[in-house]
Amino acid sequence: MKLQQLKYIREVVRHDLNVSAAAEALFTSQPGVSKQIRMLEDELGVEIFTRNGKHLSHITDAGLQILEIVDDIFLQVEKIRSVSEEFTHESRGSLSIATTHTQARYALPEVIESFIEKYPLVSLHMHQGTPKQIAEMASKGEVDFAIATEALEHFNDLTLIPCYSWNRSVLLPKGHELIELLEDGEALSLEMIARYPLVTYVFGFTGRSRLDEAFLSQNLSPKVVFTAADADVIKTYVRLGLGIGIVASMACSDEEDLVVVDASHLFEPSITKLAFRKGSYLRNYMFDFIETFAPHLSKELVQTALNKPSKLQVEALFNSIELPTR
């Protein structure tokens with residue numbers, strides 16, 4: 001059994017069982033990949049893939065278990081490389097982050113700027129996507145960190161650490177009748193908000209679930225007329241008069257043509273978390289990035305979380321810690 005053969009079957013799975021595409025990604029030939037997979041199956045005495053003629057059609061039950069182990073093997077290979085680099089090039093390397101628009105636009109710029117200044121020889125890569133997409137990227141080892149509010153908890157092979165809590169604000173176009181009601185002393189309420197068309201986040205983005213839960217708890221069914229994944233897009237359509245907006249408060253700054261009303265008393269706070277694959281080896285500059293992003297997350301605390309075998313133990317570790325608020 002060769003490491004190269006394991007790499008081949010892993011790459012074939014990544015390319016949806018398309019051997020030609022996998023061979024192209026591996027800079028080798030399709031017949032060569034097919035031959036090595038057959039040799040591995042012959043050595044193991046089981047088929048990893050079922051075939052339909054010359055094409056691979058499915059992963060066998062044995063193959064699924066083998067591929068789980070293969071993923072762990074390559075995680076250990078990466079850890080070996082990382083250990084080597086830590087001792088030979090302490091301040092050189094790469095850091096890949098997958099995150100959402102809200103985090104990339106409003107939470108990370110100062111952190112990234114500080115990190116680049118401190119580690120100019122570390123190549124930094126940022127990927128944006130839906131919370132589920134970025135969680136999958138971290139789960140597959142395609143990125144070092146995933147940063148999001150939603151979806152991360154659905155992946156059991158990720159360690160999740162809480163970074164900060166945040167809440168929401170209501171955006172009103174100038175001249176909106178709700179402004180006059182508030183100026184007359186009425187307190188902002190969910191019932192008041194539900195009278196008007198709403199513009200807010202797509203479900204599954206930026207704590208949208210907490211927003212829906214709040215209205216449901218009051219037996220309210222607001223009319224959501226437009227949704228987007230991007231707070232800046234939501235602001236655009238509030239300006240056009242499509243409805244009033246509900247966005248993360250961190251996304252509300254210097255809105256000269258909109259009136260911002262704090263709504264944190266109406267919704268449960270959401271928590272943004274950073275996730276990495278269980279068993280990962282974190283370089284010193286990675287610990288430093290985490291602490292710059294969330295100062296309560298010292299290297300010692302994150303290292304302790306890394307060594308906890310279960311999600312419940314990790315959660316218990318942070319139960320007594322008061323999170324910063326954005």
**Asked** Atom CD of Gln218 and atom CG of Leu190: how far apart are they, to the nearest 0.5 Å?
**Response** 5.5 Å

**Request:** Find the distance between CD (Gln30) and NZ (Lys35) and round it off to the nearest 0.5 Å.
**Result:** 13.0 Å

**Message:** Rounded at 0.5 Å granularity, tell me how far CG in Leu216 sits from CG in Leu211.
**Reply:**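 Separation between the atoms: 11.5 Å.
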
**Item:** Residues that Asp288 engages under salt bridge (Lys or Arg N to Asp or Glu O under 4.0 Å), provided they are two or more places apart
**Value:** Lys118

**Message:** Test your reading of the model: is there a side-chain donor-acceptor pair from Thr200 to the backbone of Thr227, 3.5 Å cut-off?
**Reply:** no

**Request:** With rounding to the nearest 0.5 Å, note down the distance linking NE2 in His296 to SG in Cys163.
**Result:** 6.0 Å

Anything under 3.5 Å between a donor and an acceptor, one on a side chain of residues 314-326, the other on a protein residue two or more places apart or in another chain? List them.
| unit_1 | atom_1 | unit_2 | atom_2 | d |
| --- | --- | --- | --- | --- |
| Thr325 | OG1 | Ser165 | OG | 3.3 |
| Arg326 | NH2 | Phe293 | O | 3.2 |

**Item:** Ser139 OG to Asp157 CG distance, which is reported to the nearest 0.5 Å
**Value:**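 If we round to the nearest 0.5 Å, Ser139:OG and Asp157:CG are 3.0 Å apart.
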
**Request:** Heavy atoms only: give me the nearest Thr100-Ala148 pair and the separation to one decimal.
**Result:**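 Smallest interatomic distance, heavy atoms only, reads CG2-CB, 4.3 Å.
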
**Item:** Residues in salt bridge (Lys or Arg N to Asp or Glu O under 4.0 Å) contact with Glu41, at least two apart in sequence or another chain
**Value:** Arg38, Arg51

**Asked** Which of parallel (below 30°), tilted (30 to 60°) and perpendicular (above 60°) describes Tyr285 and Tyr119?
**Response** tilted

**Charged N-O contact under 4.0 Å between Lys174 and Asp257** = no

**Item:** cation_pi(Arg168, Phe267) dist<6.0 Å, angle<=45
**Value:**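 Yes - Arg168 lies over the ring of Phe267, closer than 6.0 Å to its centre and within 45° of its axis.
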
**Separation of Gln5 CD from Glu43 CD (nearest 0.5 Å)** =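 CD of Gln5 is found 6.5 Å from CD of Glu43.
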
**Request:** Indicate, with yes or no, if the rings of Tyr196 and His176 have centres closer together than 6.0 Å.
**Result:**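 For Tyr196 and His176, the ring centres are under 6.0 Å apart.
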
**Message:** Please give me the minimum heavy-atom distance between Thr159 and Ala305, naming the atom from each residue.
**Reply:**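 Heavy-atom minimum between the residues: CG2-O, 4.0 Å.
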
